[in-house]
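Working notes, structure below.
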Amino acid sequence: MVQTLDRGHLKKLLMEQKTKKHDTGKVLDILPFLTKRTRAIRGQFNNVLGEYIRNISEIDEKDLKNKKSNDFYMVSEENIISELIANEVEFNSDDDKFDFVRFLNQYLFNQDDIQPVHPFLFNYIKLDKAQQNEFGKYARFMSEVLVKDHPEIKSIFTNKDSEDILTELILNKLDTLQENKDKKLDKLKKDHYQPLLPSIAKLYQEDMVYLSRYKDYFLTSFPILTHFYTFMYSCQLIFKFEQFTEADFNSTQPLYFALEWESISKRRKVADELDGFKYIKGKSNNLFPHIHTISQLSYNSFTESFDEENESLSFIPYSELYKLITSEGEEYEKDFLMELNQWINDYSKWAEIEIPGSSDSIPNAFKVLFTCLKEGTSSEVAKKYGENIEDLGAPFLKSRGSLGQVYNIKHDFLLLLTAVSVKDQRMPLNELFAEFEKRGVAFDRYSKKEIITLFDNHNILDKKSDSGDAQYVKPILL
C-alpha cells in the first residue's frame, strides 16, 4: 500500500501536546486572523499600509529607524526635512521662508503621521511597535496573496518621478530607504501565506496598475480598494471551504450588496441566508476548524511532507486535493481513503469524541474529519477567530436593524468600483454588472435601478434606447 497521509507526523503534532491544542505544523497560513480577537484592525486598516508597501518595495523597515529618517518624522516648527527643502528655494525674506516651512509641515504631516502626497511616501508610514505582530501579519498576507512579485505594482511605490517641483524637492531629500537586495531571496524562502484565489489577485493587480495612471485619485482610492480586496478575499475563502470538494478556487462567488442610501427588506437578496453577509457570518465559526482540517490533510505524499528538510508545506484545499488523489488512479484513491479513515480514528481518540458516521468515499471522509475537528476545537476559539471577518470588513458592512449586518457600498466606493471596472473604454451596462460580480459584488434589480439613476445624475450613462443592452457606462477618470 502506498503511504498517502503522513499520519506519523500528524500524531507527533497532536499527541505530544500537553493540552489538547491544535497545530498546523509546517503548513503555510492562509489568513492573518488571530484566535484572540483584538478588533485592532477595525478603523485602523490604513496603519497596515506602510508595512504592506515596504514588503512590495522590498525595503527593510529598519531603514526607518536610522537618524536621518527619524529627523523626517520630527513634527515641529523646526522639522528637519522641511528646513532642508526650504534651503533649496530662494526667498525674499526670512518671514517668507518661515511661512514656507510651516506650510510644508502642514502639507506633509497630520499630527504624527505622514500624509502621502506621492505613492513613494507610503513607504514612510511607520508601524507602531504595539501593532507590529497583528498588523505585520496583515501586511505580509496582503503582499504575498494579492501582489507577490508584480513588477508594475512595485514600481508604483519605488518610482520617485513627479510632475510638480515641490514634490520633486521633497522626494529628492528622501534617500534613506534602500532596497534590500537579499530580501527578495529571503521572501521566496520564507513565505508565510499560501495564495489560493488567483482571480481576485489578478483583478486587484489590474485595478491598481490602472489607477496608478491617475496619481491624485490613486492616492485617495488605493487604501480603500486594497481594504476591499483583502476583505473580499477572506469572505471568498469562507464560502469556498463550505463547498468542500465542489469548490472552484479559480472563480469568484458574487455576494449581494446593498447601496448605503437605499432601504431594504427581508425579501431582498442582500438579507438572504445564502446570498449575502448573513451566510458568511453564519459560517465564520467554521473557518478555524476548516483551516486545521485542511492543514492536516496537507500532510500527504503530494506535498513531500516526509522530507524533514522541507521548510513549509502547501495548503491544499479539499477540491484541489481530491483532484490530485483521483488523478493517481483507483488504487491510490483506495489507499488514501484507508489512511484517512485511520487518521479520523486516531484523531477522535486523541480528542475524545465520537466518530460521526462511517466514510465510504473521500469527499465524505473530508466532511467527517471536519466534523471531528469542529467538535474537537474550542468553540470559543473558533468563534473569536471567525469574528475577525467582521472587524476587517467594517467599512463594507452596515447594520440594518432586525435584518442584522449586510454588505454595504457607499457612493464614493461605487464610483471607484465603476472606474476600475470600466477603465478607458465605455462599457455596456450589463457588462459592468458582470465586472462587479467578478470582484465579488452582486446587486439585485432594485439596487441596479438605483445605480442607473446615480449614473444618470453623474452624466456617465450613455443611453441609446430603453434596452439595458443599449446603455453604456462612460469612463470616469478620462
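For clarity, every value in this text was computed on a predicted model and none was experimentally measured. When reading the values below, keep in mind they use all heavy atoms of this one structure, side chains included, and skip hydrogens, waters and symmetry mates.
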Side-chain heavy-atom pair [X], [Y] within 4.5 angstrom cut-off:
X: Lys26; Y: His9; answer: yes
X: Val473; Y: Arg426; answer: no
X: Ile264; Y: Leu403; answer: yes
X: Leu255; Y: Met232; answer: yes
X: Arg54; Y: Ser57; answer: no
X: Tyr322; Y: Pro363; answer: yes
X: Ile56; Y: Ile156; answer: no
X: Lys384; Y: Lys36; answer: no

Distance alone, cut at 3.5 Å: any donor-acceptor contact between the side chains of [X] and [Y]?
X: Ser447; Y: Arg268; value: yes
X: His22; Y: Tyr347; value: yes
X: Gln44; Y: Gln131; value: yes
X: Tyr229; Y: Asp207; value: yes
X: Thr453; Y: Asp456; value: no
X: Thr38; Y: Glu134; value: yes

Output field: ring centroids Phe396/Phe413 closer than 6.0 Å: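 Centroid separation for Phe396 and Phe413: below 6.0 Å.
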Centroid separation Phe288 to His292 less than 6.0 Å: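 Under 6.0 Å, so yes.
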Contacts of Lys367 that satisfy salt bridge (charged side-chain N to carboxylate O under 4.0 Å, His left out) - sequence neighbours left out: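 Not a single residue meets the salt bridge (charged side-chain N to carboxylate O under 4.0 Å, His left out) criterion with Lys367.
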Any donor-acceptor pair under 3.5 Å from Asp248 side chain to Asn250 backbone: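 Here the side-chain-to-backbone pair exists.
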Verdict with supporting geometry, Ser361 and Asn364, side-chain hydrogen bond (donor to acceptor under 3.5 Å, both in side chains): CA-CA 5 Å; Ser361 69; Asn364 187 49; 5.1 Å; no
Identify every side-chain donor-acceptor pair in residues 269-280 under 3.5 Å, counting partners at least two apart or on other chains, and give the distances.
{"from": "Asp272", "atom 1": "OD2", "to": "Leu274", "atom 2": "N", "distance (Å)": "2.8"}
{"from": "Lys278", "atom 1": "NZ", "to": "Ala271", "atom 2": "O", "distance (Å)": "3.4"}

Would you give the length of the straight line joining atom [atom1] of [X] to atom [atom2] of [Y], rounded to the nearest 0.5 angstrom?
X: Phe433; Y: Ile451; atom1: CZ; atom2: CD1; answer: 4.5 Å
X: Ile238; Y: Gln243; atom1: CD1; atom2: CD; answer: 13.0 Å
X: Thr230; Y: Ile200; atom1: OG1; atom2: CD1; answer: 10.0 Å
X: Gln471; Y: Asn430; atom1: CD; atom2: CG; answer: 8.5 Å
X: Ile59; Y: Asn123; atom1: CD1; atom2: CG; answer: 4.0 Å
X: Trp343; Y: Tyr299; atom1: CH2; atom2: OH; answer: 10.5 Å

Shortest non-hydrogen contact between [X] and [Y], atoms and distance:
X: Phe315; Y: Ser298; answer: CA-OG, 3.7 Å
X: Pro223; Y: Leu49; answer: CB-CD1, 3.6 Å
X: Thr377; Y: Ala382; answer: CG2-CB, 4.5 Å
X: Ser162; Y: Leu171; answer: CB-CD1, 4.4 Å
X: Val145; Y: Tyr193; answer: CG1-CB, 4.0 Å
X: Leu392; Y: Ile41; answer: N-CG2, 3.7 Å

Residues forming a side-chain hydrogen bond (donor to acceptor under 3.5 Å, both in side chains) with [X], sequence neighbours excluded:
X: Ser284; value: none
X: Glu242; value: Asn286, His290
X: Asp424; value: Tyr210, Arg213, Tyr214
X: Ser199; value: Thr252

Test applied, ring-ring contact (aromatic ring centres under 6.0 Å, His included); reference residue, Tyr407; option that passes from Phe257, Phe443, Phe436: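 Of the listed residues Phe257, Phe443, Phe436, the ring-ring contact (aromatic ring centres under 6.0 Å, His included) partner of Tyr407 is Phe257.
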CA sep, side-chain torsions, deciding dist, call: Leu397, Val406, side-chain contact (heavy atoms from CB on, under 4.5 Å): CA-CA 6 Å; Leu397 300 172; Val406 301; over 6 Å; no
Lys160 to Phe120, cation-pi by 6.0 Å centre distance and 45° axis angle: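 Output yes; distance and angle both within limits.
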Phe239 six-ring centre to Lys283 NZ/CZ under 6.0 Å and within 45° of normal: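 Pair Lys283/Phe239 does not count as cation-pi.
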Verdict with reasoning, Phe218 to Phe122, per ring-ring contact (aromatic ring centres under 6.0 Å, His included): CA-CA 12 Å; Phe218 177 84; Phe122 279 102; 7.0 Å; no
Arg439 vs Glu435, salt bridge (Lys or Arg N to Asp or Glu O under 4.0 Å): CA-CA, chis, key distance, verdict: CA-CA 7 Å; Arg439 290 161 176 79; Glu435 286 294 319; 3.0 Å; yes
Look at atom [atom1] of [X] and say whether more than 12 heavy atoms of other residues, nucleotides or ligands are closer to it than 6.0 Å.
X: Phe249; atom1: CZ; answer: yes
X: Lys215; atom1: NZ; answer: yes
X: Glu152; atom1: CD; answer: no
X: Lys410; atom1: NZ; answer: no

Aromatic ring pairing Tyr233/Phe141, orientation class (parallel under 30°, perpendicular over 60°, tilted between):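 Ring orientation of Tyr233 relative to Phe141: perpendicular.
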Parallel, tilted or perpendicular, as decided by the 30° and 60° cut-offs, for the rings of Tyr318 and Phe241: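 Ring orientation, 0 to 90° scale: perpendicular.
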Chi angles and distances behind the side-chain contact (heavy atoms from CB on, under 4.5 Å) call for Leu477, Leu211: CA-CA 9 Å; Leu477 300 182; Leu211 282 179; 3.9 Å; yes
Worked verdict on Ile316 versus Leu297 for side-chain contact (heavy atoms from CB on, under 4.5 Å): CA-CA 8 Å; Ile316 308 179; Leu297 291 170; over 6 Å; no
Short N-O contact, Glu387 and Lys383, less than 4.0 angstrom: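 Judged by the 4.0 Å cut-off on N to carboxylate O distance, Glu387 and Lys383 do form a salt bridge.
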side-chain contact (heavy atoms from CB on, under 4.5 Å) assessment of Thr226 paired with Met142: CA-CA 9 Å; Thr226 301; Met142 290 152 53; 3.6 Å; yes
